[in-house]
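Written below as structure tokens is the structure these notes are about.
Counting starts at 1 for both ligands and their atoms, in listed order.
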Amino acid sequence: MRVDYVIVGAGFTGATLAERLASELDKKVLVVDRRPHIGGNAYDEYDPQGVLVHRYGPHIFHTNSKKVWDYLSRFTEWRPYYHRVRAVVEGKEVPLPFSLASLRALFSPRLADRLEEKLIARFGYGTRVPILRLREEEDPDLRFLADYVYRNVFEGYTLKQWGMRPEELSPTVTGRVPVLVSYDERYFQDAYQAMPREGYTALFRRMLAHPNIRLLLQTDWKEVEGEVRFDRLVFTGPIDEFFGYLHGPLPYRSLRFRMEHRPVPWAQEVGTVNYPNEHPYTRVTEFKHLTGQDHLPHTVLAYEYPEAYEPGRNEPYYPVPKEENEDRYRLYLKEAEKLKTVYFAGRLGDYRYYNMDQAVARALKLFEEIAHG
Ligand code: FAD
Ligand code: UDP
């Protein structure tokens with residue numbers, strides 16, 4: 001077989017590049033994925049009872065990028081959706097990110113008033129303060145609050161999710177869920193928040209439905225590498241695996257999902273409930289909130305159990321953002337720079353904790369470089 005481009009991985013990164021190369025540059029593209037389906041980790045499917053579930057964990061789309069929003073809007077209509085999350089703290093379900101509303105749910109009105117006043121005076125109404133930043137405050141009330149939130153929301157959850165304490169990871173990790181000096185009860189604050197109306201898989205099907213694109217599923221690139229002739233390769237799998245772990249393996253964190261059917265229309269009030277302090281799982285998501293299937297008489301919950309990554313046994317879901325891993329990644333980047341016809345991109349190819357929109361933005365940028373370089 002002879003193609004212009006091989007793209008390894010049919011997730012957001014691979015699908016975006018394949019679509020752009022095929023439609024804009026009229027390139028012949030072969031997309032290879034070792035899974036039996038397109039969509040990467042964003043893949044969704046109907047279970048036997050007709051509930052739309054996300055096999056690799058709940059995916060909620062949000063972005064501040066008009067460019068990414070406009071691009072994906074060519075392949076899907078949207079259902080507006082603001083994700084809401086609660087965390088169980090001292091037996092109460094309180095809004096997450098931790099906000100002025102969470103203060104009121106947990107503390108006496110007098111204490112909540114005082115903390116609210118101090119937060120607003122110090123940071124301003126509407127600001128987002130990472131927990132590790134809040135812990136640097138000297139005011140005794142703010143210190144009390146920071147320690148309380150750290151202990152009750154971040155410490156246990158992070159230990160479960162990563163097997164590490166928050167300060168052992170890059171501050172950007174816990175910074176994803178800052179303390180909100182506002183009454184905003186949405187999990188994300190991005191300008192665009194919505195779910196693809198017919199699901200992610202349908203969106204991917206439209207992205208990849210181009211006569212220049214051929215799909216080869218259930219096939220590891222290594223199996224067919226020798227049989228395909230191509231000009232250039234885009235690799236969106238793990239960069240350390242590509243180089244045969246030449247500089248040692250990059251650490252990833254994995255998860256196990258347990259899907260639970262319940263014969264009731266609804267099981268929880270909001271999309272996700274987090275359990276920082278109890279249970280071996282971190283959070284429970286009820287898909288119907290995300291997908292809007294509110295006509296069904298039954299529901300499905302996904303429980304997330306973090307676990308160590310073991311190649312071949314489970315999936316490398318999360319790169320682990322911390323300095324020493326970044327150093328090792330840079331060694332691989334140096335190898336990558338030596339290869340003039342291979343590009344690396346995506347959550348695994350770049351070893352970056354990307355959200356879906358960031359994966360698309362990165363792919364669009366790489367496409368521009370390829371098109372103009
Ligand atoms: P992937 O989707 O991982 O695709 C890479 C593909 O490459 C895979 O299909 C894999 O099978 C294939 N592959 C790898 N190596 C090979 C090989 N050697 N040969 C053949 N194929 C190969 N983002 C959000 O914006 N919102 C969310 O709510 C959200 N929730 C998430 C929840 C979980 C549990 C996880 C793990 C991630 C979540 N994300 C979320 C992040 C999102 O999944 C990623 O940003 C996105 O999927 C990255 O796309 P990608 O194409 O780079 O990688
Ligand atoms: N986090 C936490 N408690 C929570 C929610 C998040 O400690 O209740 C921390 C934890 O370290 C987590 C990180 O913040 O891994 C990022 O959370 P996010 O919900 O963005 O994780 P993702 O959806 O990517 O798994």
Side-chain angles (χ1 to χ4, degrees), residues 6-17 31-43 54-63 68 83 85-89 94 96-98 130-131 149-150 152-162 164-166 169 172-178 187-188 190 193 195 200 204 216-225 235-239 241-242 252-255 257 271-277 282-283 285 290 302 304 306 315-321 344-350 352-360 362-363:
V6 167
I7 296 185
V8 179
F12 266 107
T13 308
T16 302
L17 277 153
V31 178
V32 184
D33 203 298
R34 58 189 169 199
R35 290 175 175 168
H37 56 72
I38 56 174
N41 284 342
Y43 174 71
H54 300 176
R55 191 187 289 184
Y56 306 97
H59 279 67
I60 300 112
F61 187 79
H62 55 102
T63 190
V68 168
H83 192 47
V85 177
R86 291 191 188 148
V88 176
V89 174
V94 306
L96 197 78
F98 200 93
I131 185 62
V149 175
Y150 178 87
N152 288 290
V153 177
F154 287 95
E155 196 175 29
Y157 189 106
T158 304
L159 275 168
K160 270 193 274 187
Q161 172 71 9
W162 302 95
M164 274 178 249
R165 311 174 70 79
L169 289 152
T172 55
V173 175
T174 44
R176 289 168 61 91
V177 189
Y187 196 60
F188 307 110
D190 301 46
Q193 303 188 35
M195 296 292 287
Y200 290 100
F204 279 97
L216 189 57
L217 298 176
Q218 237 168 331
T219 308
D220 195 295
W221 172 236
K222 277 198 260 14
E223 294 166 29
V224 290
E225 192 168 21
F235 191 81
T236 76
I239 188 167
E241 183 186 317
F242 182 91
Y252 301 91
R253 192 71 174 157
S254 195
L255 290 174
F257 300 102
T272 301
V273 179
N274 285 14
Y275 295 89
N277 307 304
T282 48
R283 57 186 175 189
T285 297
L290 282 54
E304 298 182 35
E315 297 284 337
Y317 285 125
Y318 292 83
V320 183
F344 293 85
R347 181 144 148 150
L348 301 168
D350 287 334
R352 285 280 173 278
Y353 191 171
Y354 289 147
N355 294 324
M356 293 180 280
D357 66 319
Q358 294 170 305
V360 173
R362 160 71 171 128

If we number the atoms of ligand 1 from 1 as shown, the ones under 4.0 Å from a heavy atom of Thr219 are 20 (C)
Would you give the length of the straight line joining atom CG of Asn274 to atom OG1 of Thr285, rounded to the nearest 0.5 angstrom? 8.0 Å
So if I count the atoms of ligand 1 from 1 in the order they appear, which ones are less than 4.0 Å from some heavy atom of Gly9? 6 (C), 7 (O), 12 (C)
Should the pair Tyr43 and His37 be assigned to parallel (<30°), tilted (30 to 60°) or perpendicular (>60°) ring geometry? parallel
Candidate list Tyr252, Phe257, Tyr353, test ring-ring contact (aromatic ring centres under 6.0 Å, His included), partner Tyr317, passing option: Phe257
Tell me which protein heavy atom sits closest to atom 44 (C) of ligand 1, plus the residue, atom name and distance to 0.1 Å. Tyr354 O, 3.7 Å
Distance-minimising heavy-atom pair for Ile131 and Tyr150: CD1-N, 4.0 Å
As an exercise, identify every atom of ligand 1 less than 4.0 angstrom from a heavy atom of Gly346. 52 (O)
Are the side chain of Glu241 and the backbone of Pro238 linked by a donor-acceptor contact shorter than 3.5 Å? no
Below 4.0 Å from ligand 1: does a non-hydrogen atom of Glu241 turn up there or not? yes
Numbered in order shown, the ligand 1 atoms found under 4.0 Å of a heavy atom of Val8 are 16 (C), 17 (C), 19 (N), 20 (C), 21 (N), 22 (C)
Hey, does Trp221 come in under 3.5 Å of ligand 1, counting only N/O atoms on both sides? yes
So does Tyr275 get a backbone contact from the side chain of Lys160, meaning a donor-acceptor N/O pair under 3.5 Å? yes
Would you please indicate yes or no on a ring centroid separation below 6.0 angstrom for Trp162 and Tyr318? yes
Is it possible for you to check whether Arg347 lies under 6.0 Å from the centre of the six-membered ring of Phe12, through NZ or CZ, and within 45° of that ring's axis? no
Identify the protein heavy atom lying closest to atom 50 (P) of ligand 1, giving its residue, its atom name and the separation to 0.1 Å. Thr13 OG1, 3.3 Å
Quick one: pull up OG1 in Thr282 and OH in Tyr157 and give me the separation to the nearest 0.5 Å. 4.0 Å
So which residues, sorted by chain and number, lie with a heavy atom under 4.0 Å of ligand 2? Leu96, Val153, Phe154, Tyr157, Thr158, Gln161, Trp162, Val173, Thr174, Arg176, Val177, Tyr187, Asn274, Arg283, Tyr318, Tyr353
How many angstroms lie between CZ in Arg362 and OG1 in Thr16, if you round to the nearest 0.5 Å? 12.0 Å
Between Asp33 and ligand 1, does any nitrogen or oxygen pair lie at a separation below 3.5 Å? yes
In terms of residue, atom name and distance, what is the protein heavy atom nearest to atom 18 (N) of ligand 1? Asp220 OD1, 3.3 Å
Would you call Val68 and Phe61 a side-chain contact if the rule is heavy atoms closer than 4.5 Å? yes
Geometric cation-pi criterion Arg176 and Phe188, 6.0 Å radius, 45° cone: no
What's the spacing between Leu290 CG and Thr272 OG1 if we round to 0.5 Å? 6.5 Å
Have a look at Tyr43, Phe257, Phe12 and point out the one with the heavy atom closest to atom 49 (O) of ligand 1. Phe12
Looking only at protein heavy atoms, which one is nearest to atom 28 (O) of ligand 1, and how far off is it? Ile60 N, 2.7 Å
Please enumerate all residues that pass side-chain hydrogen bond (donor to acceptor under 3.5 Å, both in side chains) together with Glu155, with sequence neighbours excluded. Arg165
Would Ala42 count as a polar contact of ligand 1, with the cut-off being nitrogen or oxygen pairs under 3.5 Å? no
What's the shortest distance from atom 2 (O) of ligand 1 to any protein heavy atom, and which residue and atom give it? Asn41 N, 2.9 Å
Could you tell me whether Pro58 approaches ligand 1 through its side chain, its backbone, both or neither, with non-hydrogen atoms closer than 4.0 Å? backbone
Give the residue, atom name and distance (to 0.1 Å) of the protein heavy atom nearest atom 48 (C) of ligand 1. Ala359 CB, 3.9 Å
Any N or O of Tyr56 that comes nearer than 3.5 Å to an N or O of ligand 1? no
dist His62:NE2 -> Ile60:CD1 (nearest 0.5 Å) comes out at 7.0 Å
Enumerated ligand 1 atoms positioned under 4.0 Å from heavy atoms of Gly237: 14 (C), 15 (N)
So do Val85 and Val273 actually touch side chain to side chain, heavy atoms under 4.5 Å? no
Pick one of side chain, backbone, both or neither for how Phe61 approaches ligand 1, counting any non-hydrogen atom pair under 4.0 Å. neither
Is it the side chain (CB and beyond), the backbone, both or neither of Lys222 that lies under 4.0 Å from ligand 1, heavy atoms counted? neither
Strictly distance-based, threshold 3.5 Å: is any side-chain N or O of Asn277 a donor or acceptor partner for the main-chain N or O of Asn152? yes
Are any of the N/O atoms on Glu304, whether in the backbone or the side chain, positioned under 3.5 angstrom from an N/O atom of ligand 1? no
Within the 4.0 Å heavy-atom shell around Gly40, which atoms of ligand 1 are there? 2 (O), 4 (O), 9 (O)
Nearest protein heavy atom with distance in Å, relative to atom 35 (C) of ligand 1: Arg347 NH2, 3.9 Å
State plainly whether the residues Glu315 and Arg35 are in salt-bridge range, i.e. N to O under 4.0 Å. yes
Ligand 1 atoms in contact with Arg35 (distance to a heavy atom under 4.0 Å): 9 (O), 11 (O)
Could you list the atoms of ligand 1 found under 4.0 angstrom from a heavy atom of Leu255? 34 (C)
Ignoring hydrogens, tell whether any protein atom lies closer than 4.0 Å to atom 53 (O) of ligand 1; use the non-hydrogen atoms only. no
Option with minimal heavy-atom separation from atom 43 (O) of ligand 1, where the choices are His59, Met356, Arg34: His59
Kindly compute the distance separating OG1 (Thr236) from CG (Asp350), expressed to the nearest 0.5 Å. 10.0 Å
